[in-house]
Amino acid sequence: MTGKLTNAQIAWRAAQDIQDGAYVNLGIGFPEMVARFQPAGRQAIFHTENGILGFGEAPAAGEEDWDLINAGKKAVTIRPGTAFFHHADSFAMVRGGHLDVAILGAYQVAQNGDLANWSTGPKGVPAVGGAMDLVHGARRVAVITDHVTKDGRPKLVQACTLPLTGVACVTRVYTSLAVVDIEGGRFVLREKLAALSFDDLQSLTGAPLHVEGDVTDLTVPEL
Amino acid sequence: MTGKLTNAQIAWRAAQDIQDGAYVNLGIGFPEMVARFQPAGRQAIFHTENGILGFGEAPAAGEEDWDLINAGKKAVTIRPGTAFFHHADSFAMVRGGHLDVAILGAYQVAQNGDLANWSTGPKGVPAVGGAMDLVHGARRVAVITDHVTKDGRPKLVQACTLPLTGVACVTRVYTSLAVVDIEGGRFVLREKLAALSFDDLQSLTGAPLHVEGDVTDLTVPEL
Amino acid sequence: MDKRIASLADATAEIGDGATVMIGGFGGSGAPIELIHALIDRFLATGSPTGLTVINNNAGNGHVGIAAMIEQGMVARMICSFPRSADPVVFTDRYQAGRIALELVPQGTLAERIRAGGAGIPAFYTPTGFGTDLAEGKPVAEFDGRSYVQERWLKADVALIKAETGDHLGNLTYRMAARNFAPLMAMAATRTIVQVSHVVAPGGIDPEAVITPGIFVDALVHVPDPAQEEDLNRAGARYPEVTA
Amino acid sequence: MDKRIASLADATAEIGDGATVMIGGFGGSGAPIELIHALIDRFLATGSPTGLTVINNNAGNGHVGIAAMIEQGMVARMICSFPRSADPVVFTDRYQAGRIALELVPQGTLAERIRAGGAGIPAFYTPTGFGTDLAEGKPVAEFDGRSYVQERWLKADVALIKAETGDHLGNLTYRMAARNFAPLMAMAATRTIVQVSHVVAPGGIDPEAVITPGIFVDALVHVPDPAQEEDLNRAGARYPEVTA
């Protein structure tokens with residue numbers, strides 16, 4: 001397999017589906033990259049679990065204020081309209097269904113929307129953070145991920161084998177090869193790289209890909 | 001029966017048991033009077049259900065600000081150190097056991113501490129307000145009341161016949177004739193008017209009054 | 001993004017018959033009189049909305065605000081803790097005539113049920129009301145040897161609240177004890193409509209001082225110098241005004 | 001009433017062996033480093049307190065603050081959501097050696113359990129964690145066709161938190177995202193001990209801007225210019241300092 005999207009390109013594609021004025025939580029790490037690619041003329045309002053709504057981008061090196069960080073403990077900045085609040089209010093926003101979108105990473109996503117993204121099993125120190133709250137709170141839970149694991153195994157699967165983060169919670173997956181919706185317990189293919197055949201994509205996917213209506217080309221800019 | 005305390009004198013007696021710095025909620029109506037009689041050198045901090053801690057006395061007539069009221073909808077004032085908060089935080093203070101004392105009125109108090117003070121039965125419009133929360137929240141729930149009803153029936157009873165506000169919640173009753181503790185499901189007499197015999201007091205009380213140790217004279221100033 | 005709406009009529013236009021409406025305020029403090037009266041205007045002009053369930057601490061006072069809504073026959077049901085007031089005649093008459101339903105809720109339970117609705121907590125346990133008539137029919141459970149009542153969340157289609165200052169994003173501050181239920185109701189309603197005495201641009205409210213973050217607010221109407229319910233009632237006001 | 005205490009040592013003197021201690025902070029923001037280090041000083045001088053259960057979002061970073069408490073062997077058990085950090089070696093080593101217990105709690109559930117402890121709510125239902133390993137053994141219930149997990153309140157003997165400004169009555173404000181868990185922990189602990197960067201007389205904080213009302217605070221220690229955990233870790237600090 002040669003052609004596949006970079007992480008930046010996956011993040012770019014996910015960013016195109018975020019509406020102007022949407023309240024958005026981006027998971028720590030790779031998903032944070034989505035904020036860089038907001039389409040011109042749209043401005044999402046970003047939420048972070050540790051109690052900030054409407055924060056801005058990272059400050060210049062040396063300008064960090066370590067009381068002003070995001071859930072990934074990276075320094076952020078204030079914008080006009082920023083609000084601070086405590087952790088219970090922050091998760092009232094999450095659990096209460098007030099976020100429009102949460103975009104998270106994944107180890108595995110099952111065709112019924114089950115997500116595994118917090119634990120690779122009994123070894124190591126388990127750490128869950130806010131992921132289990134986010135997957136049951138945001139109105140739309142999307143995943144961005146490479147289509148397969150580093151050793152080539154499918155991440156889109158019939159049933160997760162790793163410990164679950166949430167049950168039947170993911171509705172769309174943006175991968176390095178395709179955009180796949182989860183509807184009625186099935187993967188529904190919406191977009192794929194033009195150079196990739198359906199059969200090749202299916203062979204890299206651990207559960208049947210269904211087609212309903214058009215499958216369009218997954219087109220992203222060089223980044 | 002001639003000698004009995006006025007409402008002001010009952011309130012005065014109850015005020016003597018409030019320590020300096022105590023957090024206190026006074027029920028609407030008669031109990032509000034307790035605030036007037038804080039002993040010199042002591043300053044309680046008053047809480048009102050509608051979201052103020054540390055408010056001051058009523059403003060002069062004509063100086064009212066109707067956004068600054070207590071639970072009885074009477075105008076109050078700000079003091080140095082006042083804090084405003086919303087209703088859920090206000091009742092977190094109540095239910096969470098953060099108030100030292102709540103002083104409430106009563107229709108009936110039973111010897112096991114049951115309180116009836118919100119409804120006189122099925123007729124009329126029922127209204128409960130914050131009373132049911134206060135009786136299960138404050139560390140000490142005291143009642144101030146005339147010893148008997150207007151038609152002479154006992155208000156301290158074996159079991160309440162009116163709808164309950166709370167179960168086994170009252171620990172002390174200040175009446176127009178006596179101070180009575182509730183301990184182990186019994187009324188324990190602590191103080192009574194000197195001119196009143198134990199037997200006369202018992203005859204005005206709907207359940208046995210027990211004596212443990214001294215019964216002292218209930219002495220209050222002219223007010 | 002700009003959540004400002006030009007008129008009270010536009011702000012309240014989409015509230016439908018049978019809606020559940022949370023209305024901020026404790027007695028008169030925090031009562032969004034202008035929003036309520038705009039809703040009455042619409043009802044008088046169009047016959048809608050009616051059959052409403054109204055959630056408020058009280059059930060109106062005098063003949064303005066919620067009392068005027070009830071008097072016009074717009075309210076089928078009240079959920080409140082204290083349906084008494086200085087002048088409760090409007091609610092009392094209809095209640096005793098069986099023309100309005102009442103769900104009586106202890107005040108702290110009312111506040112917590114609304115917060116739970118906003119926070120995604122479908123049920124919780126409270127000691128409040130255990131062993132009383134108001135807990136009848138509700139599940140009870142024992143924790144650490146003490147008995148508690150299970151209470152359910154409260155949500156609404158719409159919240160009508162009054163705030164002091166709002167920015168275009170819907171961040172809000174309140175004025176003294178007028179805050180009361182408003183921040184909770186803003187969380188628990190599908191659509192939260194706010195009348196604000198002052199409007200500022202984003203950045204005009206200190207981020208530390210925001211009480212209701214804009215995520216909980218859908219529409220903002222500027223109502224400078226709002227009426228105070230208590231003042232209206234002391235002046236014997238009625239809504240709509242009775243003209244000779 | 002005046003809740004000020006002169007020294008960090010006095011403020012932390014009564015925390016006993018085996019106590020449950022909530023400690024504010026999310027990562028380094030809001031971490032009450034000086035209070036924690038005062039507790040370590042006492043442990044080094046007297047051998048107490050030890051066997052502590054510590055509740056914090058994380059489990060320490062580097063070799064200061066909570067990590068230093070763990071490194072000294074004062075902590076028997078952590079209740080947290082995310083025991084990873086830039087330098088988690090202190091916790092990780094002890095955990096993998098079976099020398100410290102861990103109760104892992106989803107972050108929103110952790111926050112809500114602490115709030116519940118402070119608000120007198122012994123249990124509540126949340127969708128979070130349903131169907132996952134972290135809900136194992138917990139009661140589940142269905143409301144309106146959706147499944148939820150029952151979670152219990154969390155309380156503590158002591159809360160150690162950092163605030164920005166405090167008045168003599170214990171009213172507090174915080175600094176930006178350093179607020180995080182502190183207002184909740186202040187509610188949920190029997191004794192709440194606060195280090196504040198600025199002390200003012202009552203009236204020095206706008207009543208509208210108070211985040212933690214004084215009723216939730218027991219003791220206030222003035223710590224001007226508090227250390228920032230992140231700065232300490234970037235400088236490679238250890239507590240106590242290793243001297244040659």
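Quick note: numbers below take in every heavy atom, side chains included, and nothing from hydrogens, waters or symmetry partners. Naming: A, B, ... by sequence-line order, numbering from 1 per chain.
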>> With a 4.5 angstrom heavy-atom cut-off, is it the side chain or the backbone of C:Y174 that approaches chain B, or both, or neither?
In response: neither
>> Out of C:G27, C:P88, C:P83, return the one with the most heavy atom pairs under 4.5 angstrom to chain B.
In response: C:P83
>> Is B:A92 close to chain C through its backbone or its side chain, or both, or neither, when contacts mean heavy atoms under 4.5 Å?
In response: neither
> Contact part of C:L102 toward chain B, heavy-atom cut-off under 4.5 Å: side chain, backbone, both or neither?
Replying inline: side chain
>> Quick check: under 4.5 Å, non-hydrogen atoms only, which of residues 222-233 of chain C neighbour chain B?
In response: C:Q228, C:E230, C:D231
>> For C:S85, which atoms come within 4.5 Å of any heavy atom of chain B: side chain, backbone, both, or neither?
In response: neither
> Which residue out of B:V135, B:L164, B:V167, B:N50 racks up the most heavy-atom pairs below 4.5 Å with chain C?
Replying inline: B:N50
> Short question: side chain of B:R95, backbone of C:T128 - any donor-acceptor pair under 3.5 Å?
Replying inline: no
> How would you list, in number order, the residues of residues 147-156 of chain C that have a heavy atom less than 4.5 Å from chain B?
Replying inline: none
> Between C:A111, C:A178, C:G108, which residue shows the highest count of heavy-atom pairs closer than 4.5 Å to chain B?
Replying inline: C:G108
> Between C:G131, C:P127, C:A59, which shows the greatest number of heavy-atom pairs under 4.5 Å with chain B?
Replying inline: C:P127
>> Restricting to non-hydrogen atoms, name the atom on B:P126 and the atom on C:Y95 that form the minimum distance, rounded to 0.1 Å.
In response: CD-OH, 3.7 Å
> Within a strict 4.5 Å, meaning less than it, do heavy atoms of the C:L110 and B:F91 side chains meet?
Replying inline: no
> Say you draw a straight line from CD1 of C:I211 to CZ of B:F84; how long is it, rounded to the nearest 0.5 Å?
Replying inline: 11.0 Å
>> When you compare the side chain of B:C169 with that of C:F130, does any pair of heavy atoms fall below 4.5 Å?
In response: no
>> Please classify the contact of B:L115 with chain C as side chain, backbone, both or neither, using a heavy-atom distance under 4.5 Å.
In response: neither
> Under 4.5 Å between any side-chain heavy atoms of C:R115 and B:H86, yes or no?
Replying inline: no
>> So for B:I78, is it side chain, backbone, both, or neither that comes closer than 4.5 Å to the heavy atoms of chain C?
In response: side chain
>> side chain to side chain contact (heavy atoms under 4.5 Å, CB included), that's the test. Do C:T132 and B:M132 meet it? Break it down for me.
In response: CA-CA 9 Å; C:T132 76; B:M132 282 192 184; 3.5 Å; yes
> What option among C:G28, C:P106, C:A86 has the most heavy-atom pairs under 4.5 Å with chain B?
Replying inline: C:P106
> About how many Å separate CE of C:M176 and CZ of B:F55, when rounded to the nearest 0.5 Å?
Replying inline: 14.0 Å
> Would you say the side chain of B:K73 lies within less than 4.5 Å of the side chain of C:F82, judging by non-hydrogen atoms?
Replying inline: yes
>> Can you tell me which of C:G30, C:C80, C:S81, C:G25 forms the most heavy-atom pairs within a distance under 4.5 Å of chain B?
In response: C:S81
> Considering residues at least two apart in sequence or located in another chain, which fulfil the side-chain contact (heavy atoms from CB on, under 4.5 Å) criterion with C:N180?
Replying inline: B:H87, C:F26, C:S29
>> For B:I52, which atoms come within 4.5 Å of any heavy atom of chain C: side chain, backbone, both, or neither?
In response: side chain
> Taking all atoms of both residues into account, what is the closest heavy-atom pair of B:P163 and C:D133, and its distance?
Replying inline: CB-OD2, 3.6 Å
> Does atom CD of C:Q96 have more than 12 heavy-atom neighbours from other groups under 6.0 Å away?
Replying inline: yes
> Counting heavy-atom pairs under 4.5 Å to chain C, which of B:L68, B:L134, B:D89, B:V94 comes out on top?
Replying inline: B:L68
>> Under a 4.0 Å threshold between the charged nitrogen and the carboxylate oxygen, would C:R175 count as salt-bridged to B:D65?
In response: yes
>> Would you say CZ of B:R153 has more than 12 non-hydrogen atoms from neighbouring residues, nucleotides or ligands within 6.0 angstrom?
In response: no
> So which bits of residues 181-199 of chain C come within less than 4.5 Å of chain B, counting non-hydrogen atoms only?
Replying inline: C:F181, C:P183, C:L184
> B:T165 versus chain C, heavy atoms under 4.5 Å apart: side chain, backbone, both or neither?
Replying inline: backbone
> So what's closer than 4.5 Å to chain B heavy atoms on C:R113: side chain, backbone, both or neither?
Replying inline: neither
>> Side chains of C:F91 and B:V125, heavy atoms from C-beta outward: is any pair under 4.5 Å?
In response: yes
